[in-house]
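For the numbers below, each heavy atom of this structure counts, side chains included, while hydrogens, waters and symmetry mates do not. Proteins come first, then strands; the chains are lettered A, B, ... in the order of their sequence lines, and each starts at number 1.
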2 protein chains.
Amino acid sequence: MNILVVEDDNDINHLLCNIIRKRNYSAQPAYSGTEAILYLEKQDWDLVLLDLMLPGMTGEEILSAIAAKSNVPVIVISAKGDQHTKIDSLRAGADDYITKPFDIEEVSARIDSHLRRYKRMSIAPSKQELAFKDILVDLEAKTVQVNNQKLALTSREYAILILLLSSPKKVFSKSNLFENVWHEPFHGDDNTVNVHMSNLRTKLSKANPAEEYIETVWGMGYRMKS
Amino acid sequence: MNILVVEDDNDINHLLCNIIRKRNYSAQPAYSGTEAILYLEKQDWDLVLLDLMLPGMTGEEILSAIAAKSNVPVIVISAKGDQHTKIDSLRAGADDYITKPFDIEEVSARIDSHLRRYKRMSIAPSKQELAFKDILVDLEAKTVQVNNQKLALTSREYAILILLLSSPKKVFSKSNLFENVWHEPFHGDDNTVNVHMSNLRTKLSKANPAEEYIETVWGMGYRMKS
DNA sequence: GAAAGGCTTAAGCTAATTCTTAAGAAAACC
DNA sequence: GGTTTTCTTAAGAATTAGCTTAAGCCTTTC
């Protein structure tokens with residue numbers, strides 16, 4: 001779960017990030033509206049904590065800018081305690097409104113509440129895909145297309161492919177693969193990864209003999225071949 | 001949009017219903033926990049406003065009873081203003097917590113905010129029917145037709161079918177199914193889903209022996225067979 | 001409080017995948 | 001060229017996932 005914390009005050013931002021990390025979510029601080037917009041464009045977020053009083057932008061501007069970029073839930077955390085601002089923010093697209101000074105436990109509980117709801121509901125929408133060369137993975141349907149042909153992979157092979165595709169430039173060591181696919185520690189004398197990798201490569205190259213998709217980085221591990 | 005208002009005080013219940021109707025949603029008053037549960041079983045709701053202090057039930061009992069019946073969002077409206085109760089309620093499943101005496105405009109704005117979010121994310125937004133091959137589901141009447149025959153499904157079977165049909169291409173893992181149908185965390189050694197799936201398949205294929213509707217994706221879960 | 005229907009659990013069974021092993025081939029390094 | 005690492009292959013064993021059935025429990029209904 002990735003949470004973006006938009007707050008210009010350094011101390012408060014830091015405090016909020018700590019609350020989030022204590023609950024084992026990842027927190028990314030942003031200190032201005034423009035910085036926040038950049039982060040929103042760059043990747044998907046599960047929740048935004050937003051201070052309304054940012055330099056150079058009004059609260060409504062920020063809220064509508066966020067709404068234009070994504071439909072991520074937004075919790076406003078603001079020093080403005082008046083009903084007028086609160087109601088306007090909620091009407092402008094905020095999902096919650098907490099006034100400063102805030103109770104840490106309450107912020108934590110509200111974050112959890114929104115994430116819980118969001119998680120429960122994100123069953124249907126947003127199509128998620130991974131693409132690389134002519135490999136196309138539909139993460140929801142868990143199908144793999146190569147060279148316009150459907151590829152039947154076992155769940156292990158699928159897990160390996162997904163992992164490699166998640167960071168195509170990264171070299172994954174065998175122990176790295178083992179931890180992420182098998183969720184077990186790796187014992188150096190194990191040929192299992194080799195065999196699975198071989199099987200995966202065979203299936204990929206059957207679908208498109210002209211391409212080589214996975215390369216071996218000698219002494220290091222494996223990586224998608226770019 | 002149907003909103004259930006659970007509040008034993010007649011005047012406040014009436015006031016809340018009026019707020020809701022002013023925004024052109026329909027409001028249904030309930031004056032006790034047991035009455036609320038009955039309404040929850042009888043039909044689908046888009047939102048619940050809930051007073052925590054009801055005769056005969058504690059707040060947490062009500063919240064978990066609601067969670068067991070459906071995953072409708074719940075806004076708690078309570079006279080208890082202490083942080084402890086607030087945080088406990090949010091952790092117990094509430095989506096929002098408003099303290100009495102409340103600001104009418106704020107309640108209104110928060111209702112809108114939750115409905116907006118729910119609508120944007122809900123599984124089958126504003127659709128009254130689901131169709132797939134010759135399966136026809138009437139979501140209002142909760143009836144299922146296959147091959148022009150009415151199919152009598154139990155509530156669990158129905159819930160499973162609805163979930164699968166909501167994203168026919170998506171593979172639903174067992175834990176995924178469990179969370180969405182049973183509203184409980186999944187323990188790996190549980191055979192329940194298997195059995196229900198088997199029963200559902202049997203009923204479907206009795207109605208139309210020629211078709212296979214649900215396919216098993218080995219090691220991943222289940223999906224509608226396209 | 002008896003009956004019916006629905007739900008869960010347990011057990012046996014089948015099918016599919018995964019692991020292991022090992023030996024020869026191929027590739028990379030020095 | 002020799003050494004090391006990695007790849008491939010294949011077959012059998014082991015493991016795991018899934019299916020089905022039936023019995024017992026629980027809840028609802030009358």
Notebook entry, point to check: OP1 or OP2 of dC19(C) less than 4.0 angstrom from a side-chain nitrogen or oxygen of Trp182(A), does that happen here?
Noted result: yes

Checklist line | Spacing of Asp190(B) atom CG relative to dC7(C) atom P, expressed in whole Å | finding: 14 Å

Checklist line | Test: Lys69(A) and Glu41(A) ion pair at under 4.0 Å | finding: yes

Notebook entry, point to check: How do Val195(A) and Asn199(B) order along DNA chain C: which one's closest nucleotide is nearer the 5' end?
Noted result: Asn199(B)

Notebook entry, point to check: Does a nitrogen or oxygen in the side chain of Thr154(B) sit under 4.0 Å from OP1 or OP2 of dG6(C)?
Noted result: no

Next item on the list: Rounded to the nearest angstrom, tell me the gap between atom CD1 in Ile214(A) and atom P in dC7(D).
Entry: 10 Å

Check: Between atom CG in Leu177(B) and atom P in dC7(C), what is the gap in whole Å?
Finding: 15 Å

Check: Can you tell me if the side-chain N/O atoms of Asn194(A) get under 4.0 Å from OP1 or OP2 in dT6(D)?
Finding: no

Checklist line | Distance in angstrom units between Leu200(A) CG and dT8(D) C1', rounded | finding: 14 Å

Check: Of the candidate nucleotides dC19(D), dT6(D), dA15(C), which contains the atom at the shortest distance from the side chain of Trp218(B)?
Finding: dA15(C)

Check: According to a strict under-4.0 Å criterion, is Arg156(A) in side-chain N/O contact with OP1 or OP2 of dC19(C)?
Finding: yes

Note to self: With a 4.0 Å cutoff (strictly under), does any side-chain N or O of Lys174(B) reach OP1 or OP2 of dA17(D)?
What the structure shows: no

Check: Using a cut-off of 4.0 Å on non-hydrogen atoms, how would the nucleic acid contact of Ser155(B) be classed: base, sugar-phosphate, or nothing?
Finding: sugar-phosphate

Notebook entry, point to check: Does His196(B) have a side-chain nitrogen or oxygen under 4.0 Å from the phosphate oxygens OP1 or OP2 of dT8(C)?
Noted result: yes

Check: Are Lys170(B) and Asp138(A) ion-paired here, with the side-chain N under 4.0 Å from a carboxylate O?
Finding: no

Notebook entry, point to check: For the pair made of CE in Met197(A) and C1' in dT8(D), what is the distance, rounded to whole Å?
Noted result: 14 Å

Next item on the list: Look at the side-chain N and O atoms of Tyr158(A) and state whether any lies under 4.0 Å from the OP1 or OP2 oxygen of dT18(C).
Entry: no

Next item on the list: Would you confirm whether Arg116(B), through its side chain, and Ala94(A), through its main-chain N or O, come within 3.5 Å as a donor-acceptor pair?
Entry: yes

Item checked: Gap between atoms NZ and C1', on Lys203(B) and dC7(C) respectively (whole Å) -> 12 Å

Check: Just checking, is any N or O donor in the side chain of Tyr213(A) or Asp134(A) under 3.5 Å from an acceptor N or O on the other one?
Finding: yes

Check: With distance as the sole criterion, is a donor-acceptor pair present between the side chains of Asp112(B) and Tyr25(B) under 3.5 Å?
Finding: yes

Check: Closer than 4.0 Å, any side-chain N/O of Thr216(B) to the OP1 or OP2 of dA17(D)?
Finding: no

Check: Ignoring hydrogens and angles, are the base of dT20(D) and the side chain of Asn191(B) linked by a donor-acceptor pair under 3.5 Å?
Finding: yes

Margin query: Looking only at side-chain N and O atoms, does Asp95(B) offer a donor or acceptor that is under 3.5 Å from a partner on His114(B)?
Written below: no

Next item on the list: May I ask you to verify if any side-chain N or O of Thr192(A) is less than 4.0 angstrom from the OP1 or OP2 atom of dT20(C)?
Entry: yes

Notebook entry, point to check: To the nearest angstrom, how far is Asp189(B) atom CG from dA10(C) atom P?
Noted result: 9 Å

Next item on the list: Measure the distance from CZ on Phe178(A) to P on dT18(C) and round it to the nearest whole Å.
Entry: 13 Å

